[in-house]
Amino acid sequence: MGLLDAILGRSKPVRPDLDQLFAVPSAALTLQAATGFTPTGRGSVCFAGAEGGGFARLQEDVRELLDADTERGGIPVEFSRDAYGYTWLLATHPADDTAGLVNDLHAVNTMLQDGGFGPHLLCSLISFRDAEGRALALVYLYKRGTFYPFAPLPGDAEKRDNQLELQVRGALGDDLRVEKDLSRWFPVWGAPGL
């Protein structure tokens, strides 16, 4: 960043650091100890779709890579589109295989980034539940290189449990790079896997 950028208040955007995803398995242990939330084994990646054969081929490559273990009992990945036109890839693993789930999500992000579709990546999320059945997601913002908790209240009211989100932020502050700007804690209503 140059002097002119500093004077004009411009800052360099944070470069994505996909390796931050590998901190989730240990953060999951901290989360469980602090709040009682455990991984569900479900996670997803959200990206803006792109037109063209290159993107369609890349999507098929992702499907082939992640579905390679379906003959040994693995669960096939699912693609879906939300009401805003974003594409979601849902990966499912046994609940106790958070590391395997994170590896799959990292692979998807890396393939899209390396294929030139990094600007289309929006977020990845890993889903958790507590004994009461409350949902929680750790959301990784690709363009910011940070995480934030998202805790929807039960029901269709599209309301969040802000107190729980702040509690999770406090519990995971040493384990994950948590997004400091609360205005960037976007809701991901109806996200696959949540």
Side-chain angles (χ1 to χ4, degrees), residues 13-47 66 74-75 77-78 82 86 88-110 113 121-194:
V14 176
R15 290 187 46 88
D17 181 5
L18 292 176
D19 290 345
Q20 290 296 312
L21 288 168
F22 292 125
V24 170
S26 64
L29 297 174
T30 302
L31 184 62
Q32 184 173 358
T35 65
F37 278 86
T38 57
T40 64
R42 296 167 56 101
S44 52
V45 176
C46 180
F47 51 93
L66 299 186
I75 299 170
V77 297
E78 300 172 29
D82 65 17
Y86 293 110
W88 289 85
L89 173 139
L90 173 65
T92 306
H93 280 255
D96 61 351
D97 187 16
T98 306
L101 176 64
V102 166
N103 284 338
D104 280 359
L105 298 178
H106 186 275
V108 172
N109 280 279
T110 301
Q113 179 178 278
L121 280 164
L122 299 176
C123 68
S124 297
L125 67 85
I126 297 94
S127 178
F128 296 80
R129 292 232 183 260
D130 70 358
E132 300 169 24
R134 294 184 301 169
L136 172 74
L138 292 180
V139 182
Y140 176 75
L141 291 171
Y142 174 79
K143 291 179 173 91
R144 302 278 299 170
T146 57
F147 289 87
Y148 69 90
F150 174 67
L153 287 170
D156 295 330
E158 288 193 354
K159 293 187 179 178
R160 298 165 76 164
D161 187 340
N162 298 109
Q163 182 178 354
L164 176 59
E165 290 177 356
L166 294 174
Q167 178 187 0
V168 170
R169 176 184 70 176
L172 296 180
D174 293 335
D175 293 282
L176 296 176
R177 188 183 299 163
V178 178
E179 176 60 50
K180 290 180 172 67
D181 183 355
L182 298 183
S183 70
R184 294 192 182 270
W185 291 21
F186 305 110
V188 285
W189 306 118
L194 189 61

Exercise: identify the closest heavy-atom pair between [X] and [Y]:
X	Y	answer
R160	F186	NH1-C, 4.0 Å
L121	Q113	CD1-N, 4.3 Å
L176	A23	CD2-CB, 3.7 Å
P39	A95	O-CB, 3.5 Å
L105	L125	CD1-O, 3.9 Å
A27	L172	O-CD2, 3.4 Å

Kindly compute the distance separating [atom1] ([X]) from [atom2] ([Y]), expressed to the nearest 0.5 Å.
X	Y	atom1	atom2	result
C123	Y142	SG	OH	13.0 Å
L89	F47	CG	CZ	6.0 Å
N162	R169	CG	CZ	11.0 Å
I75	H93	CD1	NE2	8.5 Å
T146	Y140	OG1	OH	7.5 Å
L164	T35	CG	OG1	7.0 Å

Are [X] and [Y] packed together at the side-chain level, in the sense that at least one heavy-atom pair is separated by less than 4.5 angstrom?
X	Y	result
V102	P25	yes
L138	V168	yes
L90	V77	no
F150	E165	yes
P152	L194	yes
L31	L136	yes

Contacts of D175 that satisfy side chain to side chain donor-acceptor pair (under 3.5 Å) - sequence neighbours left out: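 Listed in chain order: T30.
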According to the ring pair (Phe, Tyr, Trp, His ring centres under 6.0 Å) rule, which pairs have a member within residues 22-46, sequence neighbours left out?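 Residue pairs passing ring pair (Phe, Tyr, Trp, His ring centres under 6.0 Å), neighbours aside: F22-H106.
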For F128, is there any backbone N or O sitting under 3.5 Å from a side-chain donor or acceptor partner on R42?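 Checked: no pair found.
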I'd like to know if the side chain of S44 reaches the main chain of G193, judged simply by a donor and an acceptor atom lying under 3.5 Å from each other, with no hydrogens or angles considered.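 Not confirmed, S44 side chain does not pair with G193 backbone.
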Can you establish whether the number of heavy atoms outside D181 located under 6.0 Å from its atom CG is more than 12?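 Yes - once you tally the heavy atoms of other residues, nucleotides and ligands closer than 6.0 Å, there are more than 12.
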Given the rule in the side chain to side chain contact (heavy atoms under 4.5 Å, CB included) test, do W88 and V45 qualify, once you have shown the distances and angles that lead to the verdict? CA-CA 6 Å; W88 289 85; V45 176; over 6 Å; no
Looking at F147 versus W185, is the centre-to-centre ring distance below 6.0 Å?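 Between F147 and W185, the centre distance exceeds or equals 6.0 Å.
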For side chain to side chain contact (heavy atoms under 4.5 Å, CB included), just list the numbers for V139 and S124, CA-CA rounded to whole Å, side-chain angles, deciding distance to a tenth of an Å, and then say yes or no. CA-CA 6 Å; V139 182; S124 297; over 6 Å; no
Once salt bridge (Lys or Arg N to Asp or Glu O under 4.0 Å) is applied, do any residues pair with R134, and if so which ones, sequence neighbours excluded?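 Partners of R134 under the salt bridge (Lys or Arg N to Asp or Glu O under 4.0 Å) test: D130, E132, D161.
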